[in-house]
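Encoded as C-alpha coordinates, the structure appears first; notes follow it.
Chain letters run A, B, ... following the sequence lines, proteins first, then strands; residues in each count from 1. Since the model is a prediction, treat every value here as computed from it, not as a measurement.
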Protein chains: 2
Amino acid sequence: MIATELLEKYGALKKSFEKSEIIFEEGNLPTHYYQIISGEIKMSNYNDDGREFIQGIFYKGQSFGEPPLFLNQKYPANSIAVEDSEILLLPKSTFLKLLEENPAISIKIIENLAQRLYYKSVMAAEISTHEPEHRVLKLIDHGIAYFNFKKDVNGYLINFTRQQIGDLTGLRVETVIRAIKALEKKGELKIINRKVYR
Amino acid sequence: MIATELLEKYGALKKSFEKSEIIFEEGNLPTHYYQIISGEIKMSNYNDDGREFIQGIFYKGQSFGEPPLFLNQKYPANSIAVEDSEILLLPKSTFLKLLEENPAISIKIIENLAQRLYYKSVMAAEISTHEPEHRVLKLIDHGIAYFNFKKDVNGYLINFTRQQIGDLTGLRVETVIRAIKALEKKGELKIINRKVYR
DNA sequence: TGCGTTTTATGATTAAAATCATAAAACAAG
DNA sequence: CTTGTTTTATGATTTTAATCATAAAACGCA
(Lines give C-alpha, C1' and ligand atoms only; values in the text may rest on other atoms or scores of the structure.)
Protein backbone atom coordinates (compact mmCIF):
# COMPACT_ATOMS: atom_id res chain seq x y z
CA MET A 1 0.00 0.00 0.00
CA ILE A 2 1.29 3.40 -1.06
CA ALA A 3 0.37 6.48 1.01
CA THR A 4 -2.67 8.23 -0.47
CA GLU A 5 -0.95 11.61 -0.25
CA LEU A 6 2.02 10.39 -2.29
CA LEU A 7 -0.26 8.92 -4.96
CA GLU A 8 -2.23 12.16 -5.13
CA LYS A 9 0.97 14.18 -5.32
CA TYR A 10 1.69 12.27 -8.54
CA GLY A 11 -1.79 12.96 -9.85
CA ALA A 12 -3.74 9.85 -8.90
CA LEU A 13 -7.48 10.31 -9.34
CA LYS A 14 -10.28 8.81 -7.31
CA LYS A 15 -12.86 6.85 -9.26
CA SER A 16 -16.07 5.24 -8.05
CA PHE A 17 -17.27 1.82 -9.15
CA GLU A 18 -20.72 0.46 -8.48
CA LYS A 19 -21.30 -3.06 -7.26
CA SER A 20 -20.74 -5.51 -10.16
CA GLU A 21 -18.98 -2.89 -12.27
CA ILE A 22 -15.98 -4.11 -14.23
CA ILE A 23 -12.65 -2.41 -13.52
CA PHE A 24 -10.59 -4.18 -16.16
CA GLU A 25 -10.96 -7.24 -18.32
CA GLU A 26 -8.87 -10.30 -19.12
CA GLY A 27 -6.91 -9.81 -22.32
CA ASN A 28 -6.63 -6.02 -22.05
CA LEU A 29 -3.34 -4.22 -21.59
CA PRO A 30 -2.84 -2.50 -18.24
CA THR A 31 -2.95 1.27 -18.18
CA HIS A 32 -3.09 2.14 -14.47
CA TYR A 33 -2.04 1.29 -10.96
CA TYR A 34 -5.10 0.61 -8.80
CA GLN A 35 -5.37 1.08 -5.05
CA ILE A 36 -8.58 0.61 -3.11
CA ILE A 37 -9.82 3.45 -0.92
CA SER A 38 -13.01 1.70 0.11
CA GLY A 39 -15.04 -1.30 -0.96
CA GLU A 40 -14.14 -4.78 -2.15
CA ILE A 41 -12.71 -6.02 -5.44
CA LYS A 42 -12.34 -9.51 -6.83
CA MET A 43 -10.13 -10.77 -9.62
CA SER A 44 -11.36 -13.84 -11.41
CA ASN A 45 -11.39 -15.98 -14.52
CA TYR A 46 -14.23 -17.66 -16.33
CA ASN A 47 -13.78 -20.83 -18.33
CA ASP A 48 -15.76 -21.69 -21.46
CA ASP A 49 -18.79 -22.97 -19.53
CA GLY A 50 -18.84 -19.83 -17.43
CA ARG A 51 -17.33 -21.50 -14.40
CA GLU A 52 -15.50 -18.97 -12.24
CA PHE A 53 -12.14 -19.15 -10.51
CA ILE A 54 -11.41 -16.33 -8.07
CA GLN A 55 -7.75 -15.33 -8.11
CA GLY A 56 -8.07 -13.08 -5.12
CA ILE A 57 -10.26 -10.68 -3.16
CA PHE A 58 -8.93 -7.27 -2.22
CA TYR A 59 -9.97 -4.73 0.38
CA LYS A 60 -9.34 -1.17 1.57
CA GLY A 61 -5.72 -0.11 1.26
CA GLN A 62 -4.74 -2.95 -1.07
CA SER A 63 -3.54 -2.64 -4.64
CA PHE A 64 -4.26 -5.14 -7.40
CA GLY A 65 -3.43 -5.88 -11.02
CA GLU A 66 0.23 -4.85 -10.84
CA PRO A 67 1.98 -7.90 -12.34
CA PRO A 68 0.91 -7.28 -15.95
CA LEU A 69 1.67 -3.58 -15.46
CA PHE A 70 5.33 -4.41 -14.81
CA LEU A 71 5.51 -6.96 -17.62
CA ASN A 72 3.62 -5.21 -20.42
CA GLN A 73 1.44 -8.28 -20.61
CA LYS A 74 -2.30 -8.62 -20.93
CA TYR A 75 -4.39 -9.08 -17.81
CA PRO A 76 -4.79 -12.82 -17.09
CA ALA A 77 -8.08 -12.20 -15.27
CA ASN A 78 -11.01 -9.82 -14.86
CA SER A 79 -11.47 -7.45 -12.00
CA ILE A 80 -14.88 -6.49 -10.71
CA ALA A 81 -16.29 -4.54 -7.78
CA VAL A 82 -17.97 -6.90 -5.30
CA GLU A 83 -19.61 -3.89 -3.66
CA ASP A 84 -19.64 -0.14 -4.30
CA SER A 85 -16.00 0.89 -4.19
CA GLU A 86 -13.69 3.87 -4.52
CA ILE A 87 -10.33 3.36 -6.18
CA LEU A 88 -7.29 5.55 -6.72
CA LEU A 89 -5.99 5.33 -10.29
CA LEU A 90 -2.49 6.37 -11.32
CA PRO A 91 -1.45 6.11 -14.99
CA LYS A 92 1.28 3.56 -15.69
CA SER A 93 3.97 6.04 -16.75
CA THR A 94 3.47 8.23 -13.70
CA PHE A 95 3.43 5.17 -11.47
CA LEU A 96 6.78 4.00 -12.81
CA LYS A 97 8.13 7.52 -12.29
CA LEU A 98 6.88 7.45 -8.69
CA LEU A 99 8.71 4.15 -8.16
CA GLU A 100 11.95 5.45 -9.61
CA GLU A 101 11.86 8.56 -7.47
CA ASN A 102 10.88 6.71 -4.28
CA PRO A 103 13.02 3.59 -3.89
CA ALA A 104 11.50 2.79 -0.52
CA ILE A 105 8.19 2.15 -2.28
CA SER A 106 9.83 -0.58 -4.36
CA ILE A 107 10.45 -2.57 -1.21
CA LYS A 108 6.78 -2.21 -0.30
CA ILE A 109 5.78 -3.48 -3.74
CA ILE A 110 8.20 -6.39 -3.44
CA GLU A 111 6.76 -7.38 -0.08
CA ASN A 112 3.27 -7.17 -1.45
CA LEU A 113 4.02 -9.32 -4.50
CA ALA A 114 5.93 -11.77 -2.30
CA GLN A 115 2.90 -12.09 -0.06
CA ARG A 116 0.60 -12.79 -2.98
CA LEU A 117 3.04 -15.29 -4.47
CA TYR A 118 3.17 -17.03 -1.11
CA TYR A 119 -0.62 -17.35 -1.03
CA LYS A 120 -0.71 -18.67 -4.59
CA SER A 121 1.98 -21.24 -3.85
CA VAL A 122 0.15 -22.54 -0.83
CA MET A 123 -3.22 -22.69 -2.57
CA ALA A 124 -1.83 -24.23 -5.75
CA ALA A 125 -0.42 -27.14 -3.78
CA GLU A 126 -3.69 -27.44 -1.87
CA ILE A 127 -5.87 -27.46 -4.95
CA SER A 128 -3.67 -29.99 -6.72
CA THR A 129 -3.10 -32.54 -4.03
CA HIS A 130 -5.59 -32.23 -1.21
CA GLU A 131 -9.19 -33.26 -0.59
CA PRO A 132 -12.02 -30.74 -0.30
CA GLU A 133 -12.05 -30.49 3.49
CA HIS A 134 -8.33 -29.80 3.67
CA ARG A 135 -8.57 -27.18 0.93
CA VAL A 136 -11.46 -25.36 2.56
CA LEU A 137 -9.74 -25.30 5.93
CA LYS A 138 -6.50 -24.02 4.43
CA LEU A 139 -8.31 -21.21 2.67
CA ILE A 140 -10.12 -20.28 5.86
CA ASP A 141 -6.90 -20.26 7.87
CA HIS A 142 -5.19 -18.17 5.25
CA GLY A 143 -8.15 -15.83 5.30
CA ILE A 144 -7.90 -15.39 9.06
CA ALA A 145 -4.29 -14.35 8.66
CA TYR A 146 -4.64 -12.15 5.58
CA PHE A 147 -8.24 -11.27 4.76
CA ASN A 148 -10.20 -8.99 7.01
CA PHE A 149 -12.12 -11.55 9.05
CA LYS A 150 -13.43 -10.19 12.34
CA LYS A 151 -13.13 -12.02 15.65
CA ASP A 152 -16.03 -12.18 18.08
CA VAL A 153 -17.18 -14.44 20.92
CA ASN A 154 -17.69 -17.40 18.56
CA GLY A 155 -14.27 -17.07 16.95
CA TYR A 156 -13.35 -15.61 13.56
CA LEU A 157 -16.33 -14.97 11.34
CA ILE A 158 -15.53 -16.27 7.85
CA ASN A 159 -17.40 -13.75 5.75
CA PHE A 160 -17.28 -15.63 2.46
CA THR A 161 -20.27 -17.32 0.89
CA ARG A 162 -19.98 -21.08 0.20
CA GLN A 163 -19.93 -20.15 -3.48
CA GLN A 164 -16.95 -17.83 -2.99
CA ILE A 165 -15.07 -20.50 -1.06
CA GLY A 166 -15.76 -22.86 -3.93
CA ASP A 167 -14.54 -20.38 -6.53
CA LEU A 168 -11.37 -19.78 -4.50
CA THR A 169 -10.62 -23.48 -4.00
CA GLY A 170 -11.78 -24.93 -7.30
CA LEU A 171 -14.71 -26.76 -5.71
CA ARG A 172 -18.43 -26.67 -6.41
CA VAL A 173 -20.86 -25.11 -3.94
CA GLU A 174 -22.42 -28.41 -2.93
CA THR A 175 -19.00 -29.87 -2.22
CA VAL A 176 -18.08 -26.86 -0.08
CA ILE A 177 -21.35 -27.08 1.85
CA ARG A 178 -20.71 -30.77 2.54
CA ALA A 179 -17.08 -30.16 3.45
CA ILE A 180 -18.03 -27.41 5.89
CA LYS A 181 -20.63 -29.65 7.51
CA ALA A 182 -18.07 -32.42 7.88
CA LEU A 183 -15.54 -30.00 9.34
CA GLU A 184 -18.14 -28.82 11.85
CA LYS A 185 -18.82 -32.42 12.87
CA LYS A 186 -15.09 -32.88 13.41
CA GLY A 187 -15.03 -29.77 15.60
CA GLU A 188 -12.72 -27.84 13.26
CA LEU A 189 -15.22 -25.01 12.92
CA LYS A 190 -18.63 -23.83 14.03
CA ILE A 191 -21.79 -23.05 12.05
CA ILE A 192 -24.04 -20.56 13.86
CA ASN A 193 -27.16 -19.75 11.92
CA ARG A 194 -25.46 -20.56 8.63
CA LYS A 195 -22.44 -18.41 9.32
CA VAL A 196 -19.07 -20.12 9.59
CA TYR A 197 -16.79 -19.42 12.57
CA ARG A 198 -13.28 -20.68 13.31
CA MET B 1 18.70 -12.11 -12.23
CA ILE B 2 21.37 -10.05 -10.48
CA ALA B 3 24.80 -9.67 -12.09
CA THR B 4 27.21 -12.27 -10.72
CA GLU B 5 29.89 -9.62 -10.16
CA LEU B 6 27.56 -7.53 -8.02
CA LEU B 7 26.57 -10.54 -5.93
CA GLU B 8 30.21 -11.49 -5.46
CA LYS B 9 31.09 -7.91 -4.55
CA TYR B 10 28.68 -8.32 -1.64
CA GLY B 11 30.27 -11.61 -0.66
CA ALA B 12 28.07 -14.20 -2.34
CA LEU B 13 29.60 -17.68 -2.28
CA LYS B 14 29.32 -20.42 -4.85
CA LYS B 15 28.04 -23.74 -3.58
CA SER B 16 27.68 -27.04 -5.42
CA PHE B 17 24.71 -29.33 -5.06
CA GLU B 18 24.59 -32.87 -6.35
CA LYS B 19 21.62 -34.26 -8.20
CA SER B 20 18.77 -34.90 -5.71
CA GLU B 21 20.42 -32.84 -2.99
CA ILE B 22 18.09 -30.68 -0.91
CA ILE B 23 18.75 -26.93 -0.92
CA PHE B 24 16.13 -25.94 1.62
CA GLU B 25 13.10 -27.54 3.18
CA GLU B 26 9.47 -26.62 3.72
CA GLY B 27 8.93 -25.13 7.17
CA ASN B 28 12.44 -23.74 7.56
CA LEU B 29 13.16 -20.03 7.81
CA PRO B 30 15.03 -18.49 4.87
CA THR B 31 18.62 -17.50 5.43
CA HIS B 32 19.94 -16.76 1.93
CA TYR B 33 19.22 -15.42 -1.51
CA TYR B 34 19.81 -18.16 -4.13
CA GLN B 35 20.77 -17.65 -7.76
CA ILE B 36 21.56 -20.51 -10.13
CA ILE B 37 24.91 -20.49 -11.95
CA SER B 38 24.36 -23.85 -13.62
CA GLY B 39 22.06 -26.82 -13.32
CA GLU B 40 18.35 -27.17 -12.63
CA ILE B 41 16.33 -26.71 -9.44
CA LYS B 42 12.77 -27.61 -8.62
CA MET B 43 10.55 -26.36 -5.83
CA SER B 44 7.83 -28.71 -4.72
CA ASN B 45 5.44 -29.86 -2.03
CA TYR B 46 4.52 -33.33 -0.89
CA ASN B 47 1.17 -34.15 0.60
CA ASP B 48 0.60 -36.78 3.29
CA ASP B 49 0.56 -39.70 0.82
CA GLY B 50 3.81 -38.49 -0.71
CA ARG B 51 2.12 -37.06 -3.78
CA GLU B 52 4.20 -34.25 -5.25
CA PHE B 53 3.18 -30.84 -6.58
CA ILE B 54 5.91 -28.93 -8.43
CA GLN B 55 5.70 -25.19 -7.77
CA GLY B 56 8.29 -24.35 -10.37
CA ILE B 57 11.45 -25.40 -12.15
CA PHE B 58 14.36 -22.98 -12.33
CA TYR B 59 17.40 -22.81 -14.59
CA LYS B 60 20.69 -20.97 -15.09
CA GLY B 61 20.52 -17.29 -14.16
CA GLN B 62 17.28 -17.58 -12.25
CA SER B 63 16.75 -16.96 -8.56
CA PHE B 64 14.29 -18.81 -6.36
CA GLY B 65 12.90 -18.84 -2.84
CA GLU B 66 12.75 -15.06 -2.39
CA PRO B 67 9.15 -14.55 -1.23
CA PRO B 68 9.63 -15.99 2.27
CA LEU B 69 12.93 -14.11 2.51
CA PHE B 70 11.10 -10.79 2.17
CA LEU B 71 8.31 -11.83 4.51
CA ASN B 72 10.19 -13.56 7.34
CA GLN B 73 7.96 -16.53 6.74
CA LYS B 74 8.75 -20.21 6.57
CA TYR B 75 9.36 -21.80 3.17
CA PRO B 76 6.07 -23.14 1.80
CA ALA B 77 7.89 -25.77 -0.28
CA ASN B 78 11.10 -27.78 -0.63
CA SER B 79 13.82 -27.04 -3.10
CA ILE B 80 15.95 -29.77 -4.60
CA ALA B 81 18.59 -30.06 -7.33
CA VAL B 82 17.18 -31.93 -10.35
CA GLU B 83 20.72 -32.31 -11.66
CA ASP B 84 24.19 -31.35 -10.41
CA SER B 85 24.03 -27.60 -9.90
CA GLU B 86 26.06 -24.60 -8.82
CA ILE B 87 24.34 -21.86 -6.87
CA LEU B 88 25.38 -18.45 -5.61
CA LEU B 89 24.34 -17.87 -1.99
CA LEU B 90 24.09 -14.46 -0.39
CA PRO B 91 23.10 -14.16 3.28
CA LYS B 92 19.77 -12.43 3.86
CA SER B 93 21.12 -9.36 5.66
CA THR B 94 23.73 -8.67 2.96
CA PHE B 95 21.13 -9.25 0.28
CA LEU B 96 18.81 -6.65 1.80
CA LYS B 97 21.75 -4.27 2.04
CA LEU B 98 22.52 -4.86 -1.65
CA LEU B 99 18.91 -4.01 -2.49
CA GLU B 100 18.95 -0.82 -0.46
CA GLU B 101 22.15 0.36 -2.05
CA ASN B 102 21.11 -0.58 -5.59
CA PRO B 103 17.55 0.60 -6.23
CA ALA B 104 17.68 -0.52 -9.86
CA ILE B 105 17.89 -4.11 -8.64
CA SER B 106 14.55 -3.71 -6.87
CA ILE B 107 12.87 -3.19 -10.20
CA LYS B 108 14.45 -6.41 -11.47
CA ILE B 109 13.16 -8.27 -8.44
CA ILE B 110 9.70 -6.79 -8.92
CA GLU B 111 9.62 -7.88 -12.56
CA ASN B 112 10.75 -11.36 -11.61
CA LEU B 113 8.12 -11.75 -8.88
CA ALA B 114 5.49 -10.31 -11.22
CA GLN B 115 6.40 -12.90 -13.83
CA ARG B 116 6.09 -15.75 -11.37
CA LEU B 117 2.81 -14.42 -10.03
CA TYR B 118 1.54 -14.26 -13.59
CA TYR B 119 2.43 -17.91 -14.17
CA LYS B 120 0.78 -18.96 -10.92
CA SER B 121 -2.39 -17.04 -11.75
CA VAL B 122 -2.69 -18.67 -15.14
CA MET B 123 -1.99 -22.17 -13.86
CA ALA B 124 -4.25 -21.82 -10.82
CA ALA B 125 -7.20 -21.01 -13.07
CA GLU B 126 -6.24 -23.88 -15.39
CA ILE B 127 -5.94 -26.44 -12.62
CA SER B 128 -9.22 -25.37 -11.05
CA THR B 129 -11.48 -25.14 -14.03
CA HIS B 130 -10.09 -26.95 -17.05
CA GLU B 131 -9.86 -30.55 -18.28
CA PRO B 132 -6.58 -32.44 -18.47
CA GLU B 133 -5.86 -31.77 -22.15
CA HIS B 134 -6.35 -28.04 -21.76
CA ARG B 135 -4.13 -27.95 -18.67
CA VAL B 136 -1.32 -29.86 -20.31
CA LEU B 137 -1.39 -27.67 -23.39
CA LYS B 138 -1.39 -24.49 -21.32
CA LEU B 139 1.61 -25.68 -19.34
CA ILE B 140 3.45 -26.58 -22.54
CA ASP B 141 2.70 -23.21 -24.12
CA HIS B 142 3.82 -21.43 -21.01
CA GLY B 143 6.95 -23.54 -21.02
CA ILE B 144 7.75 -22.54 -24.59
CA ALA B 145 7.56 -18.89 -23.58
CA TYR B 146 9.37 -19.10 -20.25
CA PHE B 147 11.23 -22.38 -19.75
CA ASN B 148 14.25 -23.20 -21.82
CA PHE B 149 12.68 -25.40 -24.47
CA LYS B 150 14.76 -25.70 -27.63
CA LYS B 151 13.33 -25.40 -31.11
CA ASP B 152 14.39 -27.80 -33.87
CA VAL B 153 12.95 -29.07 -37.18
CA ASN B 154 10.05 -30.80 -35.39
CA GLY B 155 9.09 -27.75 -33.35
CA TYR B 156 9.76 -27.00 -29.69
CA LEU B 157 11.02 -30.01 -27.76
CA ILE B 158 9.14 -30.19 -24.47
CA ASN B 159 11.84 -31.58 -22.23
CA PHE B 160 9.64 -32.55 -19.32
CA THR B 161 8.77 -36.12 -18.42
CA ARG B 162 5.07 -37.05 -18.33
CA GLN B 163 5.48 -37.33 -14.57
CA GLN B 164 6.81 -33.78 -14.30
CA ILE B 165 3.94 -32.47 -16.41
CA GLY B 166 1.59 -34.27 -14.05
CA ASP B 167 3.25 -32.82 -10.97
CA LEU B 168 3.05 -29.32 -12.48
CA THR B 169 -0.61 -29.60 -13.48
CA GLY B 170 -1.99 -31.67 -10.62
CA LEU B 171 -2.64 -34.70 -12.83
CA ARG B 172 -1.49 -38.31 -12.58
CA VAL B 173 1.04 -39.74 -15.05
CA GLU B 174 -1.46 -41.99 -16.74
CA THR B 175 -3.82 -39.08 -17.27
CA VAL B 176 -1.00 -37.00 -18.75
CA ILE B 177 0.04 -39.82 -21.07
CA ARG B 178 -3.55 -40.17 -22.29
CA ALA B 179 -4.01 -36.42 -22.65
CA ILE B 180 -0.82 -36.12 -24.70
CA LYS B 181 -1.92 -38.97 -26.97
CA ALA B 182 -5.29 -37.30 -27.46
CA LEU B 183 -3.62 -33.96 -28.21
CA GLU B 184 -1.41 -35.65 -30.78
CA LYS B 185 -4.47 -37.18 -32.46
CA LYS B 186 -5.99 -33.69 -32.61
CA GLY B 187 -2.82 -32.38 -34.21
CA GLU B 188 -1.99 -30.04 -31.34
CA LEU B 189 1.41 -31.62 -30.83
CA LYS B 190 3.73 -34.31 -32.13
CA ILE B 191 5.20 -37.39 -30.46
CA ILE B 192 8.46 -38.47 -32.06
CA ASN B 193 9.96 -41.51 -30.40
CA ARG B 194 8.28 -40.69 -27.12
CA LYS B 195 9.44 -37.10 -27.09
CA VAL B 196 6.82 -34.38 -27.24
CA TYR B 197 7.11 -31.52 -29.76
CA ARG B 198 4.91 -28.49 -30.24
C1' DT C 1 27.01 -55.49 -21.86
C1' DG C 2 24.16 -56.70 -18.44
C1' DC C 3 20.97 -55.18 -14.77
C1' DG C 4 18.27 -52.14 -12.06
C1' DT C 5 15.62 -48.06 -12.50
C1' DT C 6 12.89 -44.79 -14.81
C1' DT C 7 9.73 -43.63 -18.27
C1' DT C 8 6.06 -44.54 -21.30
C1' DA C 9 2.15 -47.29 -22.21
C1' DT C 10 -2.63 -49.60 -21.96
C1' DG C 11 -6.72 -51.76 -20.11
C1' DA C 12 -10.01 -52.51 -16.24
C1' DT C 13 -12.03 -50.91 -12.07
C1' DT C 14 -13.11 -47.68 -8.53
C1' DA C 15 -13.85 -43.70 -5.97
C1' DA C 16 -14.73 -39.06 -5.41
C1' DA C 17 -16.49 -34.98 -6.67
C1' DA C 18 -19.45 -32.97 -10.20
C1' DT C 19 -23.83 -32.75 -11.81
C1' DC C 20 -28.76 -32.78 -11.57
C1' DA C 21 -32.95 -31.95 -9.19
C1' DT C 22 -35.38 -29.74 -5.83
C1' DA C 23 -36.48 -26.78 -1.93
C1' DA C 24 -36.33 -24.04 2.27
C1' DA C 25 -34.34 -20.07 4.45
C1' DA C 26 -32.56 -15.57 4.21
C1' DC C 27 -31.84 -11.35 2.09
C1' DA C 28 -32.55 -7.27 -0.90
C1' DA C 29 -35.32 -4.12 -3.35
C1' DG C 30 -39.36 -1.90 -4.55
C1' DC D 1 -45.05 -6.26 3.24
C1' DT D 2 -44.42 -8.71 -1.03
C1' DT D 3 -41.70 -10.64 -4.38
C1' DG D 4 -37.64 -11.94 -6.75
C1' DT D 5 -33.00 -13.35 -5.97
C1' DT D 6 -29.31 -15.33 -3.53
C1' DT D 7 -27.61 -18.56 -0.34
C1' DT D 8 -27.69 -22.79 2.03
C1' DA D 9 -29.18 -27.45 2.01
C1' DT D 10 -29.87 -32.54 0.79
C1' DG D 11 -30.45 -36.72 -1.90
C1' DA D 12 -29.70 -39.39 -6.25
C1' DT D 13 -27.01 -40.13 -10.30
C1' DT D 14 -23.28 -39.65 -13.41
C1' DT D 15 -18.84 -38.67 -15.09
C1' DT D 16 -14.14 -38.24 -14.99
C1' DA D 17 -9.83 -38.87 -13.55
C1' DA D 18 -7.58 -41.68 -10.06
C1' DT D 19 -6.26 -46.04 -8.95
C1' DC D 20 -4.73 -50.65 -9.78
C1' DA D 21 -2.34 -53.98 -12.47
C1' DT D 22 0.91 -55.09 -15.67
C1' DA D 23 4.52 -54.63 -19.14
C1' DA D 24 7.59 -53.01 -22.74
C1' DA D 25 10.99 -49.64 -23.98
C1' DA D 26 14.67 -46.67 -22.81
C1' DC D 27 18.16 -45.07 -19.92
C1' DG D 28 22.01 -44.96 -16.54
C1' DC D 29 25.83 -46.88 -14.84
C1' DA D 30 28.89 -50.36 -12.93
**Message:** By the 4.0 Å heavy-atom rule, please label G166(B) as base, sugar-phosphate, or nothing.
**Reply:** nothing
**Request:** Measure the distance from CD on E83(A) to P on dA28(C) and round it to the nearest whole Å.
**Result:** 12 Å
**side-chain N/O R162(A) vs dT8(D) OP1/OP2, d < 4.0 Å** = yes
**Asked** How many Å lie between CG on L171(B) and C1' on dA9(C), as a whole number?
**Response** 17 Å
**Item:** Side-chain ion pair, E188(B) and R198(B), N-O less than 4.0 Å
**Value:** yes
**Asked** Any side-chain donor paired with an acceptor under 3.5 Å for E26(B) and Y46(B)?
**Response** no
**Item:** Gap between atoms CG and P, on N159(B) and dT7(C) respectively (whole Å)
**Value:** 13 Å
**Message:** How many whole angstroms separate atom CD1 of I165(B) from atom C1' of dT6(C)?
**Reply:** 16 Å
**Item:** With H142(A), the ring-ring contact (aromatic ring centres under 6.0 Å, His included) member among Y118(A), Y119(A), F160(A), F149(A)
**Value:** Y119(A)
**Message:** Using ring centroids (six-membered ring only for Trp), state whether Y10(B) and F95(B) fall under 6.0 Å.
**Reply:** no
**Prompt:** Under 4.0 Å between a Lys/Arg side-chain N and an Asp/Glu carboxylate O for E174(A) and R162(A)?
**Reply:** no
**Prompt:** Pick the nucleotide of DNA chain D nearest each of N193(B) and K19(B); which residue has the one closer to the 5' end?
**Reply:** N193(B)
**Request:** State whether T175(A) places a side-chain N or O below 4.0 Å from either non-bridging phosphate oxygen (OP1 or OP2) of dA18(C).
**Result:** yes
**Asked** Taking NE2 from H130(A) and P from dA18(D), how many angstroms apart are they, rounded to a whole number?
**Response** 15 Å
**Request:** Rounded off to whole Å, could you give me the CZ-to-C1' distance for the R194(A) and dT10(D) pair?
**Result:** 12 Å
**Asked** Between I180(B) and P132(A), which is nearer to the 5' end of DNA chain C once each is assigned its nearest nucleotide?
**Response** I180(B)
**Message:** Does dT8(D) have its OP1 or OP2 closer than 4.0 Å to a side-chain nitrogen or oxygen of K181(A)?
**Reply:** no
**Message:** Just to be sure I understand the rule, does E174(B) reach a base, reach only the sugar-phosphate, or reach nothing, if contact means heavy atoms closer than 4.0 Å?
**Reply:** base
**D49(B) CG - dA15(C) P separation (whole Å)** = 15 Å
**Prompt:** Tell me: CZ of R178(A) to C1' of dG11(D), nearest whole Å?
**Reply:** 7 Å
